[in-house]
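Source: prediction; values computed, not measured.
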Amino acid sequence: MKKDCVAMLLAGGQGSRLYVLTGEMAKPAVPFGGKYRIIDFPLSNCTNSGIDTVGVLTQYRPLELNSYIGSGQPWDLDASTGGVHILPPYQGADGGTWYKGTANAIYQNLGFIDMYDPDTVVILSGDHIYKMDYAKMVARHKEADAACTISVMEVPWAEASRFGIMSVDGDDKITEFAEKPKEPKSNLASMGIYVFDWKKLREYLTNDEADPNSENDFGKNIIPNMLGNQEVMAAYRFEGYWKDVGTLDSLWDANMDMLSRSSGLDLTDNSWPIYARSLASHPAYIGDAGRVKHSAINRGSHLYGTVENSVLAQEVDVAEGAVVEYSVLLPGAKVGAGATVRYAILGEGCIVGAGCSVGGRPEETLENWGLTVLAPHLELAENTVVPAGKMLGADGQEVAR
């Protein structure tokens with residue numbers, strides 16, 4: 001049962017900044033790119049990196065996520081000597097609690113990791129879109145003889161205060177860490193991806209749990225404590241595409257990036273495939289009046305209208321005379337005849353009635369322009385107008401953000 005490396009994927013986040021899209025599911029289960037869900041990316045990265053043992057730590061509304069992952073077969077993670085394991089909070093002989101923080105979540109699963117007696121543990125987040133070879137990061141960790149290695153990437157200096165920022169020496173050893181500093185000393189931002197020496201991490205997790213003043217968090221407690229004790233901390237520089245899709249705007253941006261050849265997010269690259277659980281449905285159908293330009297269309301869809309610069313998930317219908325532009329339509333969304341949907345996200349099963357107007361182009365609504373979002377299963381009556389920048393809940397009422 002011994003493994004060289006085990007991955008622990010933190011997938012219990014509520015995703016409150018995705019508002020109505022995460023009302024019924026955890027953030028990692030949110031659909032992305034027409035075919036995928038957010039969690040497909042770290043799971044596929046594990047498989048492509050040769051990591052065959054993954055613990056997925058769930059908490060907030062896990063039903064959709066648990067059902068989607070299943071046995072792990074789509075990602076080749078259904079092996080009998082490893083595979084993917086769903087790890088919710090549980091109650092033991094001494095009681096139990098919800099995961100109190102990222103570090104506490106790993107602490108509550110010491111037994112799972114000990115079962116595989118790994119040399120290293122990779123800690124991952126379930127809300128990032130990226131392709132990354134974790135094997136290279138583990139190799140960097142071993143070469144540096146580090147207790148912890150943190151993946152970092154350069155961000156614009158103007159945005160550095162939004163991230164956890166690392167300062168490094170000439171050998172890329174971490175000398176200082178600051179969480180969202182007002183005056184950053186560096187523009188090397190933590191990506192929230194860590195490799196730890198397991199024995200060392202186990203010791204720090206145990207001590208952290210015993211500290212009543214700790215927030216039980218990697219960024220706020222474990223990392224600063226290791227630096228304070230002068231442990232060897234290495235930086236691993238990542239230069240590919242990476243985006244935290246924890247907000248509505250960033251989720252929309254990443255979907256649009258998928259359509260751009262220059263963004264760095266190439267999902268047609270078969271050398272590093274992103275796997276997903278596929279829907280058993282018929283091919284997409286484009287009718288005589290259908291017109292599709294620069295868009296991604298998925299199975300089970302029926303298109304009789306115009307779709308441009310948009311991402312459509314499975315079983316999406318666009319009726320005759322309808323126009324969809326610069327939008328993301330999640331599974332089962334329907335757009336009625338003559339309706340327009342521009343710069344919007346339509347939640348799963350959302351129905352836009354005939355003649356409706358949803359959202360608008362920035363140049364048409366310069367004042368207070370913003371992305372328009374409709375909740376899953378919302379049904380808009382015919383000829384309803386939803387101005388740009390609005391967000392409606394499943395009851396049709398506006399939701400503040």
Side-chain angles (χ1 to χ4, degrees), residues 5-18 22 26-29 38-39 41-43 45-46 51 54-62 65 85-90 96-114 118 120-128 130 132 134 137 141 147-152 162-166 174 177-180 189-198 200-228 231 233 236 242 244-247:
C5 182
V6 166
M8 299 294 281
L9 176 51
L10 298 166
Q14 180 176 351
S16 59
R17 291 180 300 163
L18 291 180
T22 51
K27 180 165 51 176
I38 297 172
I39 199 169
F41 288 81
L43 288 178
N45 287 339
C46 286
I51 299 175
V54 183
V56 180
L57 286 69
T58 62
Q59 180 160 276
Y60 172 80
R61 294 195 180 275
L65 190 61
H85 301 259
I86 305 296
L87 302 173
Y90 63 91
T97 63
W98 293 111
Y99 294 143
K100 295 180 289 184
T102 53
N104 174 259
I106 303 299
Y107 174 82
Q108 288 197 37
N109 289 282
L110 293 181
F112 169 78
I113 304 175
D114 282 340
T120 55
V121 172
V122 180
I123 308 295
L124 305 171
S125 174
D127 52 5
H128 301 156
Y130 66 115
M132 182 176 180
Y134 302 138
M137 186 175 174
H141 175 81
C148 172
T149 299
I150 301 175
S151 183
V152 299
R162 295 174 44 231
F163 297 90
I165 295 298
M166 305 289 170
I174 298 169
F177 171 73
E179 183 69 27
K180 299 180 180 180
S190 169
M191 298 166 62
I193 301 169
Y194 313 111
V195 176
F196 287 96
D197 174 88
W198 171 233
K200 187 70 70 172
L201 176 59
R202 199 184 196 289
E203 174 187 337
Y204 275 87
L205 289 173
T206 302
N207 292 338
D208 180 72
E209 191 66 21
D211 180 0
N213 298 316
S214 175
E215 295 184 54
N216 306 123
D217 184 82
F218 278 103
K220 296 177 181 178
N221 304 109
I222 301 296
I223 302 302
N225 288 343
M226 295 183 90
L227 274 174
E231 301 284 0
M233 310 279 283
Y236 174 75
W242 176 87
D244 181 336
V245 289
T247 66

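- Two residues are said to be in side-chain contact when any heavy atoms from C-beta on lie closer than 4.5 Å; R61 and T22 fail this criterion.
- Counting heavy atoms from C-beta on, the side chains of H128 and P42 never come closer than 4.5 Å.
- A salt bridge links R202 with D114: the closest approach of a Lys/Arg side-chain nitrogen to an acidic carboxylate oxygen falls below 4.0 angstrom.
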Residues V6, F112; criterion side-chain contact (heavy atoms from CB on, under 4.5 Å); working and verdict: CA-CA 10 Å; V6 166; F112 169 78; 4.2 Å; yes
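- The distance from atom OH of Y134 to atom OG1 of T120, rounded to the nearest 0.5 Å, is 13.5 Å.
- Y107 places no side-chain N or O within donor-acceptor distance of the main-chain N or O of D208, the cut-off being under 3.5 Å.
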side-chain contact (heavy atoms from CB on, under 4.5 Å) assessment of M226 paired with K200: CA-CA 10 Å; M226 295 183 90; K200 187 70 70 172; 3.8 Å; yes
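- A side chain to side chain contact (heavy atoms under 4.5 Å, CB included) with I150 is found for exactly one of H141, M191, M137, M166, namely M166.
- Nearest heavy-atom pair, C46 versus L124, reported as atom, atom and distance to 0.1 Å: SG-CD1, 3.7 Å.
- Without hydrogens or angle criteria, N45 side chain to Y130 main chain gives a donor-acceptor distance under 3.5 Å.
- Looking at heavy atoms from C-beta onward, I106 lies in side-chain contact with I113 at the 4.5 angstrom threshold.
- Between F163 and W242, the ring planes are tilted. Angles from 30° to 60° get that label.
- For the pair Y236/I193, no side-chain contact is recorded, criterion being any heavy-atom separation below 4.5 Å from C-beta on.
- Nearest heavy-atom pair across A189 and I165 is CA-CD1, 4.0 Å.
- Between the side chain of T102 and the backbone N or O of F218, at least one donor-acceptor pair lies under 3.5 Å.
- Rounded to the nearest 0.5 Å, atoms CD1 (I38) and CG (L18) are 6.5 Å apart.
- Remark: the backbone N or O of G219 is not paired with any side-chain donor or acceptor of E179 at under 3.5 angstrom.
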Steps toward side-chain contact (heavy atoms from CB on, under 4.5 Å) verdict (V56, I39): CA-CA 10 Å; V56 180; I39 199 169; 4.1 Å; yes
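- Separation of atoms CZ (F177) and OG (S190) is listed at 6.0 Å; rounding is to 0.5 Å.
- Inter-residue side-chain proximity for T58 and L87 is flagged as unmet; no heavy-atom pair is nearer than 4.5 Å.
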Criterion side-chain contact (heavy atoms from CB on, under 4.5 Å) on N216 and E209, from CA distance to verdict: CA-CA 7 Å; N216 306 123; E209 191 66 21; 3.9 Å; yes
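- Note that CD of E215 and NZ of K100 are 12.0 Å apart. Values are rounded to the nearest 0.5 Å.
- We find the CG-CG distance between N109 and L205 to be 10.5 Å, quoted to the nearest 0.5 Å.
- Here the CG-OG distance, from L9 to S125, works out to 7.5 Å after rounding to the nearest 0.5 Å.
- Using modelled atom types, one side-chain atom of N225 and one backbone atom of N221 make a donor-acceptor pair closer than 3.5 Å.
- Put simply, the side chain of L57 reaches to within 4.5 Å of the side chain of Y99, judged on heavy atoms.
- C148 is listed as a side-chain neighbour of I223, based on a closest heavy-atom distance under 4.5 Å.
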